[in-house]
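Heads up: the structure comes next, in structure tokens.
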Amino acid sequence: MKFYAKNKIYFMLSLIIIIGLVMSLGASKFIFQKACLRREIQWLDLGVADDWQYGILTDAYKIKKEENKKITITASDGTKLVGHYYERKKNAPVVIFLHGLWSNCYTDGVPIYRITEKNNWNILLVNLRAHGESEGSTFGALEKYDCRDWANWVTSEFGEKTPIFLMGLSMGGAIVMMSSDLELPESVCGIIDNAGFTSSLEMIKLNSKTKLHQEILTELFTLSVNVGTRIWGGFNLADANSCTALSRTKIPVLMIHGDQDTKAPISMAYNLYNSCQSPKQLYIFSGAGHTDCYEKDPEKYERIICEFIEKNRKGELSGSDPNVVTF
């Protein structure tokens, strides 16, 4: 009797463990699908937009319809990626722009599109994985390699002497920083980050706190996301770390951040800046929230980017340039 009772206990324990594992796998798959797979993204209705939003949206619609060259490349893992290239002048700098999570290259790209158009620079607006016309799943870990693929495309298409600048907004900003320690073409002259974050895991943990409130629930959710990406997406979010990459890069980096950013707090900007071992500049816009720096002061935003591109296309950024500036 004792033998059968003990076996029954072992059986029940094994069953509980198996059910727990199945439930955990199911939960991780559900969270992965919600966090990383394509979703329907609606543009803001022009009828409810304020004056600033209306101007951005109307320009975004114009950019989408503007004559361009649709570029399709295959990433190193076989994923199809799509971007749109707008040429203004032969041999001019090319800005490769990456938009934010669950946004698009047109609305997010309006500021840099305006700046490049005014300065006769060329621009490549990239659709991130799981966005627009690009395939795959997203959250930054694989996209850093996509940056390298896009930079290699520009080099192969226009030659090694064409200056390249990688620029991103929000998650796009984090991605271009994450790519900074890869074997990028020597023609990559600089990296421009606007409102990027330190790491994907830290970003998930920080932003889930506002909904889950309790530390243990936040930790479990973050763990579930990373388990899900490893099992169902084939990538590890621990590899998506901007600080680690910046600590190993030699490429000049410009960081732009709002001091009222609640999604990627200003503390992240300082951590990124302190981690960076290459020539670096950090511009902080007072009163600006997440991705609001251009709206806060378009002229200063444009001047900062133009000065960075002009100096670095010629290799002129030096230690005498201001490192941390608050507006």
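Please read these numbers as outputs of a predicted model, since none were measured by experiment. Because only heavy atoms are used, hydrogens play no part in the values below, and waters and symmetry mates are left out as well, while side chains stay in.
The backbone N or O of S170 sits nowhere less than 3.5 Å from a side-chain atom of H290 that would complete a donor-acceptor pair. The closest donor-acceptor contact from the side chain of H257 to the backbone of A264 lies under 3.5 Å. Between the side chain of S179 and the backbone N or O of K144, no donor-acceptor pair lies under 3.5 Å. Between the side chain of D292 and the main chain of E295, no donor-acceptor pair closer than 3.5 Å is present. Judged purely by atom type and a 3.5 angstrom limit, T116 uses its side chain to pair as donor or acceptor with the backbone of Y113. Under a 3.5 Å cut-off, the side chain of N127 and the backbone N or O of V82 do form a donor-acceptor pair. Between the side chain of E202 and the backbone N or O of S200, no donor-acceptor pair lies under 3.5 Å. Panel note: side chain N271, backbone A269; no donor-acceptor pair is recorded below 3.5 Å. H84 places no side-chain N or O within 3.5 Å of a backbone atom of V126 that could act as its donor or acceptor partner. With hydrogens and angles disregarded, no donor-acceptor distance shorter than 3.5 Å links the side chain of R148 to the backbone of P185.
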- Message: With side chain to side chain donor-acceptor pair (under 3.5 Å) as the criterion, how do N152 and T155 come out once you've worked through the C-alpha distance, each side chain's angles and the decisive distance to 0.1 Å?
- Response: CA-CA 5 Å; N152 285 334; T155 301; 5.2 Å; no

- Task: Report the C-alpha separation of E133 and K70 in whole Å, then their side-chain angles, then the decisive distance to 0.1 Å, and conclude whether the salt bridge (charged side-chain N to carboxylate O under 4.0 Å, His left out) test is met.
- Result: CA-CA 10 Å; E133 300 154 285; K70 180 179 175 180; 3.1 Å; yes

- Item | Stepwise ring-ring contact (aromatic ring centres under 6.0 Å, His included) test for W150 and Y145 | CA-CA 9 Å; W150 284 115; Y145 303 109; over 10 Å; no

- Query: Could you go step by step and tell me if Y301 and N194 meet the side chain to side chain donor-acceptor pair (under 3.5 Å) rule?
  - Reply: CA-CA 10 Å; Y301 187 94; N194 183 357; 2.8 Å; yes

- Message: Before you tell me yes or no, could you show the steps for C189 and I164 under side chain to side chain contact (heavy atoms under 4.5 Å, CB included), namely the whole-Å CA-CA distance, both residues' side-chain angles and the distance that decides it to 0.1 Å?
- Response: CA-CA 6 Å; C189 300; I164 299 172; over 6 Å; no

- Task: Take S242 and T198 through the test side chain to side chain contact (heavy atoms under 4.5 Å, CB included) and record every step on the way to the result.
- Result: CA-CA 5 Å; S242 305; T198 48; 5.5 Å; no

- Any chance you could lay out the side chain to side chain contact (heavy atoms under 4.5 Å, CB included) test for I73 and D146, step after step, and finish with the verdict? CA-CA 10 Å; I73 65 171; D146 299 342; over 6 Å; no

- Message: K161 vs E186, test: salt bridge (charged side-chain N to carboxylate O under 4.0 Å, His left out). Steps then yes/no.
- Response: CA-CA 9 Å; K161 293 184 178 180; E186 291 186 8; over 6 Å; no

- Task: Walk me through it: do L81 and T74 pass the test side chain to side chain contact (heavy atoms under 4.5 Å, CB included)?
- Result: CA-CA 6 Å; L81 304 173; T74 302; over 6 Å; no

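For an aromatic pair to be called close, the ring centres must be under 6.0 Å apart, and W153 with F158 satisfies this. Taking the six-membered ring for Trp and the full ring otherwise, the centers of W121 and F165 sit at least 6.0 Å from each other.
In the displayed structure, Y54 atom OH is contacted under 6.0 Å by at most 12 heavy atoms of other residues, nucleotides or ligands. Other residues, nucleotides and ligands place more than 12 heavy atoms under 6.0 Å from the CG atom of N236. D45 CG: more than 12 foreign heavy atoms inside a 6.0 Å radius. Within a 6.0 Å sphere centred on CD of E160, other residues, nucleotides and ligands contribute 12 heavy atoms or fewer.
A heavy-atom distance below 4.5 Å is found between the side chains of I112 and I123. Within the 4.5 Å cutoff, the side chain of D239 has no heavy atoms near those of the N241 side chain. Residues W43 and Y61 form a side-chain contact, since some pair of their non-hydrogen atoms from C-beta on lies under 4.5 Å apart. Contact check for Y270 versus I284: side-chain heavy atoms found under the 4.5 Å cut-off. At least one side-chain heavy atom of C147 sits less than 4.5 Å from a side-chain heavy atom of V176. Using a 4.5 Å heavy-atom cutoff, the side chains of D259 and F285 are not in contact. Annotation: side chain of Y86 is in contact with side chain of I63 (closest heavy-atom distance under 4.5 Å). Side-chain contact between S187 and T162: absent, with no pair of heavy atoms (C-beta onward) separated by less than 4.5 Å.
Ion pairing between a basic and an acidic side chain is recognised when a charged N comes within 4.0 Å of a carboxylate O; R303 and E310 show no such pairing. The residues D59 and K64 are annotated as not salt-bridged, no charged nitrogen and carboxylate oxygen being separated by less than 4.0 angstrom. Taking the charged nitrogens against the carboxylate oxygens, K118 and E302 do have a contact shorter than 4.0 Å, which makes a salt bridge.
Taking NZ from K263 and CE from M268, the interatomic distance works out to 12.5 Å, rounded to the nearest 0.5 Å. With rounding to the nearest 0.5 angstrom, the CE atom of M177 is 13.0 Å from the CD1 atom of I251. The line from CG of L169 to CG of L101 is 11.5 Å long, rounded to the nearest 0.5 Å. Annotation: the span from L166 atom CG to M178 atom CE amounts to 13.5 Å, rounded to 0.5 Å. Atom NZ of residue K250 and atom SG of residue C276 lie 13.0 Å apart, to the nearest 0.5 angstrom. Rounded to the nearest 0.5 Å, atoms CG (L98) and SG (C105) are 9.5 Å apart.
For the 3.5 Å distance criterion, the side chains of S137 and R129 fail to qualify, holding no donor opposite an acceptor. For the 3.5 Å distance criterion, the side chains of D108 and S103 qualify, holding a donor opposite an acceptor.
Here the shortest heavy-atom pairing between C306 and I115 reads SG-CG2, 3.8 Å. Heavy atoms only, all atoms of each residue included: T291 and A195 are closest at N-CB, 3.9 Å. Of all non-hydrogen atoms in G196 and L272, the two that sit nearest each other are O-CD1, 3.8 Å. Residues A49 and L44 share a closest heavy-atom pair of CB-CD2, 3.9 Å. Between Q277 and S247 the shortest heavy-atom distance is CG-O, 3.3 Å. The heavy-atom pair separating L124 from G83 by the smallest distance is CD1-C, 4.1 Å.
Taking Y273 as the reference, M255, K280, L282, N323, V324 meet the side chain to side chain contact (heavy atoms under 4.5 Å, CB included) condition, with sequence neighbours excluded.
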